[in-house]
Every structure is written in structure tokens, then in C-alpha cells.
Amino acid sequence: MISSIQILAFLFILVTLAAAADLYKVLDVDRSASEQDIKKAYKRLSRRYHPDKNKDPGAEDKFVEIAHAYEVLSDSEKRQIYDRYGEEGLKAHEDGHQASNPFDMFSNFFGQRSQQQTRRGPTSMTEFEVQLSDIYTGANIDFMIKKQILCDHCRGSGAASDGDIHTCSGCGGSGMKIVKQQIFPGMFAQTQTTCNECSGRGKVIKKVCPHCGGSKVVDHTAHYTLEVEPGMPEGHQVVFEGEGDESPDWEAGDVVLRVRSRKDRGGWRRKETSLYWKETIGIDEALLGFDRNLTHLDGHVVRLRRTGVTQPGFVQKIEEEGMPIHEHRGSFGDLFVEYNVVLPMELSPKTKRKLMEAFVGMEGSSHPSGDEL
Ligand SMILES: [Zn+2]
Ligand SMILES: [Zn+2]
């Protein structure tokens, strides 16, 4: 009895420890992450782990964990408490409060977005070529993107300061103007048109932002790292969510990279999980057999060995020496080695005579005689 209670207590401690994973780590953000970063991270991760979509065992627990982290970190009061006092402080704070349902939270988050009909900026699609060896081994590749970001001086308003944004005097802020037109003597028609002084915005800027010249956005070079996973299929799309051009008029679209292997000068060819290599051998090797070393994409050596005759164009299959199979750690496709046979440009009379002697004695030789000798 006692021992089972002890085990239970021990398990309880384990469970508590597991639950207290760092909330910033759960959302994969820095402690200095902005509200926007936290929102983006939640958007990305909650979709990925939603049990409707992700059937992996543990996905639901992860989903609940993500929802909890977002609930805390998106609320500035709770976040402050968490930063200072950790989970314990939060528990004390939330005592008696009903914890949110992670599924309601998810549908609220995405539901509200669709109700608001937030316009999304354009998604940019870029073909991104990497070395085949990088796809073989996996690699992190740094790259830059030139894009527009909200001006950090005016935060996208286009005005030098908040005091320089005034309600339009032409329309009183409505963005519309009523124009009275006389169509007959004594008879007027009223038409409503977009205010020409503010272009319908209802606000005018008296002094434009000196940093962006009133355009609200500035050019920026952003740095990213592309994680090339071993065996990534050709054309695999890697999405950098919300990293497209920024504008005050829309929510930034995505940057999508389509990853492809560069046409390799080294002679390797890839088709899905198979690799192809052409090896050139001499006539002696084609006839007598050989033992050669082939240096693979990551530098390891594959032994190419044959005894007996190798026909030109013969393809040798070497299992498990192809490309890694994406998302199946430790599994590989096959390697196909095609043999080219090169003949010597000319033979010395002595070699010629010796070959004659050899071939005359050979069974099934199609050129049995040597008349000219
Ligand atoms: Zn106006
Ligand atoms: Zn500006």
C-alpha cells in the first residue's frame, strides 16, 4: 500500500514537472517577443497541432499546451505575473477562475479573423536552389529578402507625429461630401461623393513622416534561415508565415520558398529517393572485375566491386545508398550506378598480339581467326 502511494506521489511530481514547461519555449518565441510575434506563433503552432488535422499521438496534449501558453502570454497582466512568479504565481492569480477551453479559444481566434475580413497582403513564391549534398545531409541556409516593413518612426501612419493627423475639414471626418447641384433654376440635386481633400480617409496629415516621406513603409532587408531537412522532396514548400510585405492596409502575406536541388556539376542525379551515378571503367576492369571507391555526397565512401564481366551500360543497384527518406530518420532509397566502358585509343603491337592469343582461345568468341598474322 505505502509503496503504491509513494509511486503515485512520484508520478504526480513528474506530471507537474512536465506541465511546467517554459511557456515561451512552448510557443517557440524569445522572452522579448512582441504581441505580434506571440500571435503569429500561436497561429502557426495551433494549426499544426490541432487534433482535427494532426493525428500523431501527443498532438492533442501539445495543442492544449500551446493554447495555455498563448492564453497567458497574450494577456499582458498574466504575462507579467508569469515573468515574475512563474506558473505558481499564475495559479494563485487564477484561483477560482474557469480555465479557458483550448478548442473554443482556437475557433475564436480564427473565427474572429474571418469575421473581420482582414485583407491579406500578397504571398511571394520563390524558387530556391540548394546543393544536392545539402538535401542529402540536411543544412541551415541563411538568406535575405528585400521587403517593405511598416515605418518604425510613424508606425505606419505616415505622419511626423500623432499630432499631425487631423480630422479632414472638408468632410468633417466622414470621408464623404454632399455636393449640391442646381439642375434647374430653383431646383437642386444632392449627390454624395468621396471627399477629394482626404480621398475618403476622413483624416489628413499636416506634416508627413520624415523617415518614410509619408509612404508608411520603408525598404528593409530581412535575414532568415532555411532549414533544409534531409531528403526534402524536390519542390517542397517552406512557408515563412506573415513575412511578406507589410502595409497598414493588410496583414502581411507569407513568403514561400520552393526548394530544389541545383543541377549538380558533380554528376549526381536524383529522382525522388533514388540516386544515379555514372562510373567509367576501363576495358580491363570491364572484363576482369574491379574494386573501386565512390565518394558519396557527404564524403563517405561507397565500395563499388564486381567480379567477372561488366557489360557497358550495366546498372548496379546498391541498396540504402540513395537519398534519405524525408521525415523517416535513418531510411534511405537506393543508389543506381551505371557503368561506362572506355576503350583504349590504340594498342601496341605486343598488346594486340597478346589479346589475339587470349581471344582465340576464348569460348564463344565471335572473331576466331587472325588471317593477317
Ligand atoms: Zn475629407
Ligand atoms: Zn514614417
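Atoms within a ligand are numbered from 1 in the order they appear, just like the ligands themselves. This one's a predicted model, so the numbers in the text were calculated from it and none came from an experiment.
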Rounded to the nearest 0.5 Å, how far apart are OG of Ser124 and CD1 of Ile145?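 These two atoms lie 5.5 Å from each other.
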
Rounded to the nearest 0.5 Å, what separates atom CZ in Phe184 from atom CE in Met187?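 Between atom CZ of Phe184 and atom CE of Met187 there are 7.0 Å.
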
Where the Zn ion (ligand 1) is the centre, what is the SG-to-SG angle for Cys171 and Cys195, rounded to 10°?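 SG of Cys171 and SG of Cys195 make an angle of 110° at the Zn ion (ligand 1), to the nearest 10°.
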
At the Zn ion (ligand 2): angle between Cys151 atom SG and Cys209 atom SG, to 10 degrees: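 Value returned, to the nearest 10°, is 110°.
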
Apex the Zn ion (ligand 2) - arms SG from Cys212 and SG from Cys154 - angle rounded to 10°: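 Reported to 10°, the angle equals 110°.
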
Counting backbone and side-chain atoms alike, is an N, O or S atom of His211 positioned under 2.8 Å from the Zn ion (ligand 2)?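 Within the cut-off used here (under 2.8 Å), His211 places no N, O or S atom near the Zn ion (ligand 2).
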
Metal check, the Zn ion (ligand 2) vs His153 N/O/S, cut-off below 2.8 Å: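 Checking the Zn ion (ligand 2) against His153, no N, O or S atom falls under 2.8 Å.
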
Any cation-pi pair here, Lys317 with Phe336, using under 6.0 Å and within 45°?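 Cation-pi check for Lys317 and Phe336: fails.
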
Over 60° means perpendicular and under 30° means parallel, so tell me whether Phe240 and Phe143 are parallel, tilted or perpendicular.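 If you compare the ring of Phe240 with that of Phe143, the planes turn out perpendicular.
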
If you draw a 6.0 Å radius around NZ in Lys25, do more than 12 non-hydrogen atoms from other residues or ligands fall strictly inside?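 No, because the 6.0 Å sphere around NZ of Lys25 holds 12 heavy atoms or fewer from other groups.
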
